[in-house]
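Notes follow the structure.
Note: hydrogens, waters and symmetry copies are ignored here, and every other heavy atom, side chains too, is used. Nothing here was measured: the structure is a model prediction, and the numbers come from that model.
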Amino acid sequence: MGMSEQQESACAYLILADGTVFEGRAMGARGTTIGETVFTTGMTGYVETLTDPSYYGQIVTQTFPLIGNYGVMKADFESKKSFVRGYIVRELCEKPSNFRCEADLSSILEQQGIVGISGIDTRALTKRLRESGVMNGMIASGSDAASLSDVLSQPEKKEALLKKIRAYTITDAVKSVQDASVLGNQGSGDSAGDGSAAGKAKRVVLYDFGAKANIQRELEKRGCAVTVVPYDTTAERVIAMAPDGVMLSNGPGDPAENTGVIAEIKKLCEYKKIPVFGICLGHQMLALSRGAATSKLKYGHRGGNHPVKDLETGRVYITSQNHGYAVESESLPPFAKMSFVNVNDGTCEGVTYTDMPAFSVQFHPEACGGPHDTNFLFDRFIALMET
C-alpha cells in the first residue's frame with residue numbers, strides 16, 4: 001500500500017555515510033540535503049546555533065531532546081541567515097511559549113530553506129558520531145523521502161547513494177558566508193580610522209570570516225568604534241586605517257584552506273604595532289600565520305558546557321565552543337605560549353604571543369546564549385590596546 005499524501009509530506013530519513021538509516025518526521029523545508037553531520041550539546045541557544053556562520057556546510061544535531069520551546073526571535077540572530085545544511089532534533093516543539101517569540105522553529109526553517117528531521121533517536125546518533133567521528137549524511141523529506149524507500153531496499157542503488165554522500169566536502173567556507181553581518185558599520189577597508197566617532201574609546205577593525213554579531217556587540221559595549229572588513233582585506237589596508245586593535249573573528253571550515261588570509265595576518269604580525277585578538281577560526285589562522293599547525297578533531301567541540309583551564313591561574317571556566325579543528329600545541333613556536341587547555345581532551349584552547357601584543361582563544365567569550373564566564377577577555381583586549 002502506498003503512502004497517503006499527508007504521510008508522504010511528514011516522512012523523513014537521515015542516511016549516514018556508513019549506511020546507517022534513521023527514520024523520522026519532516027520539519028522545515030522539504031527536499032534533500034547533504035552535509036557534514038555534527039552534534040552540539042547546548043541546552044539553550046538554538047537560535048544562535050542556527051544562525052552561527054561557523055556551521056556552514058554542516059547538518060546540526062541538537063543533543064538536548066526538546067528544541068523550539070521558546071520559539072524564534074530575529075533579535076537573537078548571529079547573522080542575516082542560517083548557513084546550516086540541515087537540522088536534526090529529537091522532539092520539535094510546535095507551540096512555543098515565550099513573550100519574545102516571533103515565529104515557531106519549523107516555520108523559520110522553511111523560510112530559510114533548511115531541510116530538517118525530528119523524532120529520531122538523537123542519543124544513538126550522537127553515540128555513533130562520537131565513536132566513529134564526524135561523518136557526512138543526507139536528510140531526505142517529503143516526496144524525496146518516499147522515493148528513497150525504493151533506493152534503500154536495493155543494495156546497488158544504496159551503495160551509489162552512499163558514494164554520493166561520502167563525496168561531499170566543505171570548500172570555500174569563509175568566502176561563502178560573506179555579507180552575513182546583521183549589524184552595521186560594514187567597511188570596505190578604504191575608510192581611515194580617524195577617531196571621529198564621538199565618545200568612542202578605541203577603534204577596532206573586525207575581520208569578518210563569518211563573524212557572530214555578538215563579537216561586535218561586546219566591543220561596542222566597551223566603547224569601541226568597530227569597522228567590519230571582508231575576509232580578504234589586505235594587511236596594508238588595515239594598517240593604513242591606523243586602528244587601536246584588530247579582531248580576528250570566528251568562521252567555518254578548515255583554517256589551513258585560507259592561505260591568502262593567513263598570509264595577510266602574517267604581515268599584520270610582522271608589523272607588531274597593532275594588538276590582535278583572535279576567536280575560534282581567528283585563533284587558528286593566527287597560529288598558522290606564526291608557524292604552528294592545525295588538525296581536524298574526531299568529532300569536534302560544539303556546545304555550551306566545555307571546561308577550559310587557565311594555565312596561569314589554574315582556574316577552570318565553562319565555555320561555549322563550535323569548532324572541528326584545533327591548534328596543535330606541540331607545534332607552537334618559542335614565542336607562543338599556550339594559555340588555556342581543554343580539560344576533557346587536553347587540546348589547545350588559547351595562545352598568548354610574547355613577541356607582539358596578541359592573544360587568541362578557541363572558545364567563544366562572546367557567547368550570547370551563554371555561558372559568560374570568559375567575557376572578561378574583551379576587557380583584556382581593551383587593556384592591551386591601552387598599553
Side-chain angles (χ1 to χ4, degrees), residues 38-56 58-84 87-93 96-106 108-109 112 114 116 122 126 177 180-183 209-222 247 249-252 279-283 300-308 316-324 340 342 344 349 361-378:
V38 302
F39 64 88
T40 177
T41 58
M43 295 174 68
T44 61
Y46 57 81
V47 177
E48 290 85 350
T49 294
L50 277 169
T51 54
D52 181 351
S54 295
Y55 281 110
Y56 172 83
Q58 296 177 331
I59 295 174
V60 180
T61 306
Q62 298 274 179
T63 62
F64 191 73
L66 178 64
I67 298 295
N69 55 314
Y70 54 83
V72 176
M73 45 294 283
K74 289 200 173 180
D76 292 347
F77 277 26
E78 290 285 4
S79 63
K80 285 180 183 176
K81 55 168 283 189
S82 177
F83 291 96
V84 304
Y87 200 52
I88 302 170
V89 303
R90 175 69 183 91
E91 181 181 350
L92 172 68
C93 179
S97 177
N98 187 281
F99 72 99
R100 296 178 66 233
C101 176
E102 296 171 354
D104 66 274
L105 180 57
S106 190
I108 291 294
L109 292 174
Q112 297 276 333
I114 299 166
T122 50
T126 301
V177 298
S181 176
V182 297
L183 297 180
F209 305 134
K212 292 165 63 179
N214 214 44
I215 293 177
Q216 185 169 344
R217 293 191 192 106
E218 288 297 333
L219 290 168
E220 290 177 341
K221 270 186 204 175
R222 291 160 174 81
M247 171 68 73
S249 83
N250 65 290
I279 293 175
C280 198
L281 182 68
H283 154 81
H301 299 155
R302 299 176 182 88
N305 54 359
H306 292 266
V308 302
V316 173
Y317 298 94
I318 301 302
T319 66
S320 175
Q321 301 198 15
N322 175 17
H323 62 103
F340 291 92
N342 190 292
N344 289 334
E349 291 283 358
V361 292
Q362 182 63 77
F363 48 88
H364 289 274
E366 85 290 346
C368 196
H372 302 144
D373 297 30
T374 57
N375 207 246
F376 67 87
L377 290 169
F378 286 97

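A distance of 8.5 Å separates NZ of Lys212 from OG1 of Thr51, quoted to the nearest 0.5 Å. Note that CG of Asn214 and CZ of Phe378 are 7.5 Å apart. Values are rounded to the nearest 0.5 Å. For the atom pair Glu366 CD and Leu377 CG, the distance stands at 10.5 Å (nearest 0.5 Å).
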Can you check salt bridge (charged side-chain N to carboxylate O under 4.0 Å, His left out) on Lys221 and Glu218, steps first, answer last?
CA-CA 5 Å; Lys221 270 186 204 175; Glu218 288 297 333; 3.1 Å; yes
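Considering Gln321, His306, Gln362 in turn, Gln321 is the only one that fulfils the side chain to side chain donor-acceptor pair (under 3.5 Å) rule with Glu349. Among the candidates Thr63, Thr126, Asn305, the single residue satisfying the side chain to side chain donor-acceptor pair (under 3.5 Å) test with Thr41 is Asn305.
In this structure, the side chain of Gln58 does not engage the main chain of Val38 through any donor-acceptor pair within 3.5 Å.
Looking only at atom types and distance, the side chain of Asn322 has a donor-acceptor partner in the side chain of Asp52 under 3.5 Å away.
At a threshold of 4.5 Å between non-hydrogen side-chain atoms, the residues Ile215 and His364 do not count as touching. A heavy-atom distance below 4.5 Å is found between the side chains of Val177 and Pro252. Put simply, the side chain of Phe39 does not reach to within 4.5 Å of the side chain of Thr122, judged on heavy atoms. Counting heavy atoms from C-beta on, the side chains of Leu50 and Leu105 come closer than 4.5 Å.
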Donor-acceptor list for residues 65-74 side chains, cut-off 3.5 Å, not counting sequence neighbours:
{"from": "Tyr70", "atom 1": "OH", "to": "Gly45", "atom 2": "N", "distance (Å)": "2.9"}
{"from": "Tyr70", "atom 1": "OH", "to": "Tyr46", "atom 2": "N", "distance (Å)": "3.4"}

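Residues Phe340 and Phe363 bring their aromatic ring centres within 6.0 Å.
Ring geometry for His323 versus His301: interplanar angle over 60°, hence perpendicular rather than tilted (30 to 60°).
Cation-pi check for Lys81 over Phe83 is met; the charged atom lies under 6.0 angstrom from the ring centroid and within 45 degrees of its normal.
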